[in-house]
Structures are given as structure tokens and as C-alpha cells.
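Along the sequence shown, residues carry numbers from 1.
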Amino acid sequence: MSKICVLGQGYIGLPTALLFANNGHEVVGIDVNKRVVDTLKAGKMPFEEKGFQELLDGAIAKNAFRAESLVEEADTFLVAVPTPFDSEMRMADLKYVVSACEMIVPHLKKGNLVIIESTIPPKTCDKQVKQILEKSILKMCEDFYVSHCPERAIPGNTLHEMVYNDRVIGGVDEKSTQLTAELYSSFVKGNLHLTTSTTAEMIKLMENTFRDVNIALANEFAQIADDYGIDVWKAIEIANKHPRVSILKPGPGVGGHCIAIDPWFLTENANNSSLIMMSRQINDSMPQYVLKMVKEILVGIENPTITVFGVAYKGDIADTRATPAKKFIRLAEKEGFKVKIYDPFVKEWSYPILELGEAVEGSDCIVVLTDHSEFKEMDPEKFGSKMNKLNIIDTRNIINKSLWKKSGYNIKIIGNES
Ligand SMILES: NC(=O)c1ccc[n+]([C@@H]2O[C@H](COP(=O)([O-])OP(=O)(O)OC[C@H]3O[C@@H](n4cnc5c(N)ncnc54)[C@H](O)[C@@H]3O)[C@@H](O)[C@H]2O)c1
Ligand SMILES: CC(=O)N[C@@H]1[C@@H](OP(=O)(O)OP(=O)(O)OC[C@H]2O[C@@H](n3ccc(=O)[nH]c3=O)[C@H](O)[C@@H]2O)O[C@H](CO)[C@@H](O)[C@@H]1O
């Protein structure tokens, strides 16, 4: 049984800590946010996702997990703190990783392993992490070991993916890689792919950039299809029957904590990254495109009210980080539209979230921004004659069109001008 201190008890650090605790390790979950620590000390999860509470209950029952505010001595330190995007500099903001490493320094001992799970730009382990940890006077690769083990689990299915996904493990030297692989094999059922820390840093960023660039391509196809008056969804469906084609889905833009951010970590120090930057630009411009669709449908209506269906960055979760809905709402308000919001998952946000009936009352157009399952089978008869005008714009192509048509709605789907 080894002792692991996990710094950062958020969406990634906490389930990771609990998986280690449930699989034979003594784990201390460290967070600088007192509310997080107090909630965990009370045996509750600070946020919800499928299976998390049961995992916490199991770890507490085994006496294998406790939450604390201060770092303490351990065999392994695992860093899972935020790595936000510095939009002014267009580069990764590593201040939390730096402060977490600085918090480890006074407790670092010979033989310790430090794992960075946070998403970081290439060379961070080799350079910045080394520089900070060596303030302890110990030497990396001689006295202590460092690796990058990027997290690739998808929000909404985190636990399953943490256990069953393949894992990339990149040490600053072979011993670091081996020690990290041994540790993760205590709960990971996927394959472990062993490499260097810099390659692991690059792999994580390549994966999310791949997705971003391909979503941008789908968004561009949608706009071209609108120009030609064809249905891009049908076209994508048929194109994807080709054995080597797999086009993603258009939408209102890319949100979340990773895909809209990580490509910038790859470009921050690159000489040529024009494709990646162009893709970011295309995805970031989708809220404007949706607003253009709204303006077209509402032409002639004075002081219109619109109802946004869904502000979570994607379906069936409550996460609103970097959601494209925010930019869309700001732009719509600037245009003079009154905006009301309904989201069955998000309870609190920077804008008020209303009950369904209140949100559609007096509205001239519903704009579906998130692919929540509830919207798929929603029957507009549910809110009867509360709407002022019967318009709906679906940026996810998820509504049951025949139901809305039957109720007399004018329907517009992104990438389907017909
Ligand atoms: N959420 C995801 O889906 C996901 C998936 C893959 C990778 N990642 C990456 O994992 C990292 C963590 O992301 P997250 O979503 O878990 O973040 P989060 O914001 O949910 O949680 C981070 C936690 O770290 C705490 N913290 C900040 N500084 C600290 C310090 N010095 N010591 C201890 N705690 C500290 C914060 O209070 C917070 O509770 C990021 O680099 C992110 O890019 C996230
Ligand atoms: C490579 C990869 O898979 N990485 C995943 C990703 O998780 P995520 O939840 O951020 O990813 P998505 O589900 O792709 O959503 C992002 C946004 O893109 C929109 N979208 C999506 C598909 C599409 O066809 N058309 C779209 O418009 C969607 O609505 C949403 O706004 O990053 C995590 C952290 O690094 C990873 O751990 C995790 O493996």
C-alpha cells in the first residue's frame, strides 16, 4: 500500500484519487478551496456524476481517503489542478501547476514520484516542473521521478473511461515511466502506452486538436450546405458510409474545459499552426452564425424575445464551462433581443435559468443550443399557446420535426436551408 497525495479535487483529481483509494492505496485529496475540502470531509461529493458518490462512500468505508487543505509527505504526488487558457497571451496559464509544484517542494523526499495529470504544453515536465521541484535540492531522475499521465476521460462518462480507456504514460526517464505504469495498473483496465513526458504532453494536445479541427470542418460544411440549400446532416450521414470518412457534427460552437482551449497550448510556441488557429476561429464564430439565423427568422418582429434551450456546453451534463451559449446570448442581447433560458440540467449560471413554461412565455423563437435528451422527444403541445410566434432554430438537429411541424412551428436546422 503506497501513500498518494492528489493535489486538486476537481472533476479529474477527485475521481482519480477515489479510484486509487478503492484499489489499495492510502490517498489524501488536497484542495486549496476550503468548500471542496469541507464537503468531502462531510462525506459528500462537491459535484455530481454517475458513480462518484458510491466511489467516495467505498473509499471512506475502507478508511483509504481523506481530504485536507495542506500537502503532507507521501510516496507519490499527483497534480490535477486547472490549466486555463490565457486569452490575452494565447497560451497556457500554468500558475496553478506552478503553485501545486511549489506546495510539493517542502515535502519532497528521495524516491518520490510526481505525476502531472493536468493538461500541459510540451516540455513542461522537462523544464518548468523540474526547475520548481529541484528547489528542494533533490535532483530529478536521481532522487525523485516525474511523469505526465494525461487524463482523457469524457465528462458524462468519466468513471468508466478512467478505468477502461487506454492510458498514455510519459516519464522524464525510464524509471519514472515504470513507476507510474505500476501505480496506474492498480485500477486501469485499458492498455498502458509508455513513452516520454514530452511525447505524452503532445499526444494529449493532438487528440483534442484533432477533434477541434474536425468539428470546424463540420461547421464549415454546414455553412456551405446552407449556401447551396442542401441538408448537411443527410450529406454527412451518406458521406460517413465511406469506409475512410467520419465527419463530426456541426453545432453552435465548441465549449468545455478542453477542446476549445488545448489547441492553443500546441500553437503557443509553434512556427506554423495556421490550420489549428483557423479551426479555432471557425468554431468560435459559430455563435455569430446562429445569431444570423435567428435574425433571418425574426425579420420584421419588433423587440423580439428568444428562448435558449440549453446552456450546458454539451448534452445531458450541467457543465457550462466555455459554453458557446454565453457568447450567443451576449450577441443576441447586444442586438436588442430579450433572452430567456431553459436548461433541465443547469441550476445556476451567470444568467437566470427559468422553468420551461416561464422561459417560453411570450417568446418569438426557441433556439436549441445543447443536445440534451429531453429536447429530442419534446412535444411543443407541452407548453401550449404560451409562445408569441411559432419559430424554432435547432443547432443540433435533435428535435422531433414532425411533432413541431404538427404544432405549426416554422423550423430551421443549422446546415439545412431547405
Ligand atoms: N474536466 C475534464 O473533463 C478534463 C479531462 C481531461 C483533462 N483535464 C485536465 O485536468 C486538469 C484539471 O481539470 P479539472 O476539470 O479537474 O479542474 P477543476 O477546476 O474541476 O478542479 C481543479 C481543482 O484544483 C484546485 N486547485 C487549484 N490550485 C490548487 C493547488 N495548488 N493545490 C491543490 N488544489 C488546487 C481547485 O480548487 C479545484 O478544486 C486540467 O489541466 C484539465 O485541462 C480535464
Ligand atoms: C479527443 C476527445 O474526445 N476529447 C474529449 C474532450 O471532452 P469534451 O467533453 O470536451 O468533448 P466533446 O464531447 O467533443 O465536446 C466538446 C464540444 O464540441 C461540441 N461538438 C462535439 C462533437 C461534434 O461532433 N460536434 C460538436 O459541436 C460539443 O457539443 C462540445 O461543445 O476533452 C476532454 C478533456 O481533455 C477529453 O478528456 C475527452 O476525451
Side-chain angles (χ1 to χ4, degrees), residues 85 87 90 119 121-122 150 152 154-157 202-268 270-294 296 310 312-315 317 319 321-328 331 367-371 393-399 412-418:
F85 170 53
S87 55
R90 297 200 164 191
T119 306
R152 301 142 96 206
I154 196 133
N157 200 21
M202 176 95 179
I203 290 168
K204 169 69 193 176
L205 300 176
M206 279 165 54
E207 291 165 355
N208 281 350
T209 302
F210 169 86
R211 198 150 168 87
D212 197 42
V213 169
N214 281 285
I215 296 169
L217 185 62
N219 282 330
E220 191 154 290
F221 285 157
Q223 295 177 52
I224 295 171
D226 274 340
D227 289 342
Y228 280 115
I230 63 153
D231 177 355
V232 81
W233 300 88
K234 195 71 208 160
I236 289 174
E237 189 189 323
I238 298 171
N240 283 351
K241 304 281 185 213
H242 186 291
R244 286 173 296 282
V245 174
S246 182
I247 302 167
L248 292 173
K249 293 182 190 140
V254 168
H257 188 50
C258 300
I259 304 224
I261 289 172
D262 295 355
W264 293 115
F265 294 15
L266 209 49
T267 60
E268 66 176 37
N271 292 321
N272 185 6
S273 52
S274 41
L275 174 64
I276 300 172
M277 292 209 263
M278 177 62 77
S279 304
R280 280 277 73 247
Q281 200 181 318
I282 292 169
N283 289 335
D284 277 350
S285 71
M286 290 313 288
Q288 285 99 300
Y289 191 71
V290 177
L291 184 66
K292 181 173 140 288
M293 291 168 66
V294 176
E296 281 166 9
Y313 81 89
K314 65 177 191 175
I317 59 170
D319 195 335
R321 291 185 290 180
T323 176
K326 192 176 243 173
K327 183 166 179 190
F328 170 77
L331 289 171
V367 186
V368 179
L369 293 183
T370 306
D371 44 349
I393 292 176
D394 182 0
T395 67
R396 301 284 189 168
N397 192 27
I398 53 161
I399 60 165
K412 176 77 188 84
I413 312 280
I414 200 168
N416 183 2
E417 188 52 45
S418 51

Interatomic distance, [X] atom [atom1] to [Y] atom [atom2] [nearest 0.5 angstrom]:
X	Y	atom1	atom2	value
Leu266	Met202	CG	CE	5.0 Å
Ile282	Leu217	CD1	CG	8.0 Å
Thr323	Phe328	OG1	CZ	11.5 Å
Asp371	Ile398	CG	CD1	5.5 Å
Lys234	Asn416	NZ	CG	11.5 Å
Cys258	Lys204	SG	NZ	5.0 Å

Legend entry - Contact check, side chains of Tyr289 and Asp226, non-hydrogen atoms, under 4.5 Å: yes
Inset, instruction - Quick one: list whatever passes salt bridge (charged side-chain N to carboxylate O under 4.0 Å, His left out) with Arg211, sequence neighbours left out. - result: none
Legend entry - Residues which pass salt bridge (charged side-chain N to carboxylate O under 4.0 Å, His left out) with Arg396, listed by chain and number, not counting sequence neighbours: none
Inset, instruction - Spell out, as yes or no, whether a donor-acceptor pair under 3.5 Å connects the side chain of Asp394 to the backbone of Val367. - result: no
Legend entry - Donor-acceptor contact present, side-chain Trp233 to main-chain Ile414, <3.5 Å: yes
Inset, instruction - Might you confirm whether atom CE of Met293 has over 12 heavy atoms from other residues, nucleotides or ligands at distances under 6.0 Å? - result: yes
Looking at every non-hydrogen atom in both residues, tell me the closest pair between [X] and [Y] and how far apart they are.
X	Y	answer
Gly256	Ala322	O-CB, 3.3 Å
Pro121	Leu205	CA-CD1, 4.0 Å
Met277	Trp264	SD-CZ3, 3.8 Å
Pro263	Ile276	CB-CG2, 3.6 Å
Gly310	Ala325	O-CB, 4.2 Å
Ile236	Pro250	CD1-CD, 3.9 Å

Inset, instruction - Give the C-alpha distance, both sets of side-chain angles, the deciding distance and a yes or no for side-chain contact (heavy atoms from CB on, under 4.5 Å) between Thr395 and Met286. - result: CA-CA 10 Å; Thr395 67; Met286 290 313 288; over 6 Å; no
Legend entry - Residue pair Ile399, Val368: steps toward the side-chain contact (heavy atoms from CB on, under 4.5 Å) verdict: CA-CA 9 Å; Ile399 60 165; Val368 179; 4.1 Å; yes
Inset, instruction - Any pair with a residue in residues 212-223 that passes side-chain hydrogen bond (donor to acceptor under 3.5 Å, both in side chains), sequence neighbours left out, goes on the list, sorted by first then second residue, please. - result: Asp212-Arg280, Asp212-Asn283, Asn219-Asn283
Legend entry - Test side-chain contact (heavy atoms from CB on, under 4.5 Å) applied to Phe85 and Arg90, step by step: CA-CA 7 Å; Phe85 170 53; Arg90 297 200 164 191; 4.2 Å; yes
